Amino acid sequence: MNTLSRRGFLAASAAAIGAAHMPRLAFAQTVAPISLSAATRTLDINGRAATVFGLAGPGGQGLVLDPGQKFRVDLTNDLDVGTIIHWHGQIPPNAQDGVPDMPMPLLAAGETRSYDFEARPGTHWMHSHVPTQEMQLLAAPLIVRSQEDIVADRQEVVMFLHDFSFRAPEEVLAEISGGHVGDGAGPSALPDQGAPMEGMGAMQGMNHGAMGHGAMGGMPMGNMSGMGGMMGGMAMDLNDYDWDAYLANDRTLSDPEVVQVEHGGGILLRVINAAAATAFWIETGGVEARLVAVDGHAVQPVPGTRFGLAMGQRLDIEIDLPNEGGAWPILALREGARERTGLILASRGAEVRRLDAVAESEAPAFDAGLAQEARLIALDALPDRPVERSHVLMLGGSMQPYVWTINGAIWGQHQPIIARSGERVVLSFHNMSMMAHPMHLHGHVFQVVGLNGRRVAGALRDTVHVPPMAMVDVALDAGEAARWMLHCHHMPHLATGMMTEFAVTASA
């Protein structure tokens, strides 16, 4: 068992800042395969020991690859249960994608499996594709540096976010779902849960082909902005569960990571939302910042001091520190609530003050009107070409009974979303439920091309946030002929069946 060493939080009085950080990300070797282990470890969470899972490389949790370095990894399962790891943001051959039985089975306890593919640069992550294991923190950063990162005069800081419960994840899921839950995320992992639920609304039985396809397909869903937790008078369901703690780099604000920085220096903050069921706002407070990439893909810089991200998403934020020394908290605010976590950037010798883990006021719902998404413009957009295939995906579900569906069906009763390799495809996500859904497609990068019926030249992504009663269109070029998972990255939604497959066949 790997035990994470801890230190006491620096009190409100002045204190010298040493080199006390979480174990740095492992820097990969250049020739030999990197050894990566799924194993247990122990964290100190608010003074209480917690046994969790993790992904340990040669130097700690996670991996950093150099520019042009291949992803050559030997993954060993040192847990006493089977597991499988998905390389979120990467596009490996389908056999290495990391979904149970699509096509590879779970790694048995003690088994080692090798991976070898071209790594895509950017801020990415890796995690178990068994929801209960991801809820036990079986996840870690996967950073692939570019040549631009090497030459840039900036310090790179990773903020890896989690929500956490001391209870077993099976108990948490059972409480949230009322028993409507499987225990995995692949063909062998979710049992047949009976007929599709009733009462999902008339949208289930609609002729989707009659709605119109393409980047503008379907009905516009306006009146979305400025509603906070309300949508046209209907209450949004923002949070399924009140977690025991919210973590940034395995720590709470009772004992945050303090990162030593140079005053006047440049920072590249890489934020990864690995939470099971929590969207966050990232707040830089007293320092101006620029959002420069999402999901590992560059966007035209967006200035500001608050940026949000849903589960599975990533943000790259550039920060220019003041010339004067000081301490600068970077906070992650739970949407629709007062809880928060974060880390602190501090120059040598700066006073670091204690921060309360509960804010004075609630943070708003994350991007309910898609205002942030609308500001994002890809720097390297997909080339223009005719759309050859379109699909409408109706996202539905309810809290009682707790079942979440795509096109009215749970996994195992789904109809695959089909395409041929090389086709330009538009997927139109229509969210007819009162919860948001971060929709993640494996094996592909897509571009956001429509928001509530309005055409945009949006960001390149692999995970898109679809708010309640909203519509988001994405375009992509179908890749390897294989079965690729398409699912909500809200773990309780995934565990209750909110997933389908993007089934790509060989081109004619």
Side-chain angles (χ1 to χ4, degrees), residues 1-4 6 37-56 61 77-86 98-100 106-110 125-140 160-186 188-191 193 239-248 250-252 254 273-278 311-312 334 337 339 341 357 399-404 410-411 487-499:
M1 181 179 296
N2 300 322
T3 301
L4 182 68
R6 308 291 287 163
S37 172
T40 58
R41 57 201 179 105
T42 300
L43 303 180
D44 179 344
I45 298 178
N46 293 333
R48 182 175 173 184
T51 299
V52 299
F53 294 159
L55 284 166
Q61 295 295 307
N77 181 10
D78 288 329
L79 303 170
D80 58 5
V81 294
T83 193
I84 196 163
I85 302 303
H86 170 58
V99 176
L106 297 176
L107 277 81
W125 62 302
M126 46 194 174
H127 59 85
S128 171
H129 221 284
V130 179
T132 54
Q133 295 179 1
E134 186 177 333
M135 292 167 67
Q136 288 174 283
L137 278 56
L138 186 47
F160 197 68
L161 300 172
H162 271 296
D163 42 24
F164 173 79
S165 175
F166 287 104
R167 298 172 62 189
E170 294 82 1
E171 294 180 23
V172 173
L173 283 176
E175 178 178 330
I176 293 172
S177 68
H180 293 271
V181 65
D183 62 355
S188 67
L190 276 172
Q193 301 182 45
N239 295 298
D240 283 346
Y241 188 75
D242 289 327
W243 302 84
D244 292 325
Y246 300 86
L247 309 179
D250 292 337
R251 300 185 178 205
T252 68
S254 68
N273 188 354
T278 304
M311 298 75 83
R334 181 190 183 202
E339 291 87 356
T341 185
M399 303 295 283
Q400 294 292 333
Y402 193 93
V403 179
W404 302 90
I410 60 172
W411 177 263
H487 64 88
C488 178
H489 223 285
H490 184 296
M491 288 299 101
H493 295 179
L494 173 60
T496 51
M498 195 170 194
M499 52 187 169

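Keep in mind that what you see is a predicted model, and the values were worked out from it rather than measured. Index from 1, following the sequence.
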Legend entry - Presence of salt bridge, Asp244 and Arg48, under 4.0 angstrom: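 Looking at Arg48 and Asp244, the cut-off is not met.
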[X] versus [Y]: any side-chain heavy-atom pair under 4.5 Å?
| X | Y | result |
| --- | --- | --- |
| Leu137 | Asp250 | yes |
| Met491 | Leu173 | no |
| Leu106 | Val130 | yes |
| Ser128 | Ile85 | yes |
| Glu134 | His489 | yes |
| Met399 | Trp404 | yes |
| Tyr241 | Ser165 | yes |
| Ile45 | Thr252 | yes |

Inset, instruction - Applying side chain to side chain contact (heavy atoms under 4.5 Å, CB included), run through His490 and Met498 and close with a yes or a no. - result: CA-CA 9 Å; His490 184 296; Met498 195 170 194; over 6 Å; no
In Å and rounded to the nearest 0.5 Å, what is the [atom1] to [atom2] distance from [X] to [Y]?
| X | Y | atom1 | atom2 | value |
| --- | --- | --- | --- | --- |
| Asp242 | Asp163 | CG | CG | 11.0 Å |
| Leu138 | Leu55 | CG | CG | 5.0 Å |
| Phe164 | Asn46 | CZ | CG | 10.0 Å |

Inset, instruction - Go through the steps for Thr40 and Leu79 under the test side chain to side chain contact (heavy atoms under 4.5 Å, CB included), then give the verdict. - result: CA-CA 7 Å; Thr40 58; Leu79 303 170; 3.9 Å; yes
Legend entry - cation_pi(Arg334, Tyr246) dist<6.0 Å, angle<=45: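 Not flagged: Arg334 not positioned over aromatic ring of Tyr246.
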Inset, instruction - Could you go through the side chain to side chain contact (heavy atoms under 4.5 Å, CB included) check for Trp243 and Arg167 one step at a time? - result: CA-CA 9 Å; Trp243 302 84; Arg167 298 172 62 189; over 6 Å; no
Show the nearest heavy-atom pair for residues [X] and [Y], with the distance to one decimal.
| X | Y | value |
| --- | --- | --- |
| Cys488 | His493 | SG-ND1, 3.6 Å |
| Thr341 | Arg251 | OG1-O, 3.4 Å |
| Pro492 | Asp240 | CB-OD2, 4.3 Å |
| Ala248 | Leu161 | CB-CD2, 4.0 Å |
| Ala275 | Thr278 | CB-O, 3.6 Å |
| Trp125 | Ala274 | CZ3-CB, 3.5 Å |

Legend entry - Gln136 (side chain) donor-acceptor with Val52 (main chain) under 3.5 angstrom: no
Legend entry - Asn77 and Thr83: side chain donor to acceptor below 3.5 Å: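 Result is no, nothing qualifies.
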Inset, instruction - Could you check whether the rings of His129 and His487 sit parallel, tilted or perpendicular, using 30° and 60° as the cut-offs? - result: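 Ring orientation, 0 to 90° scale: perpendicular.
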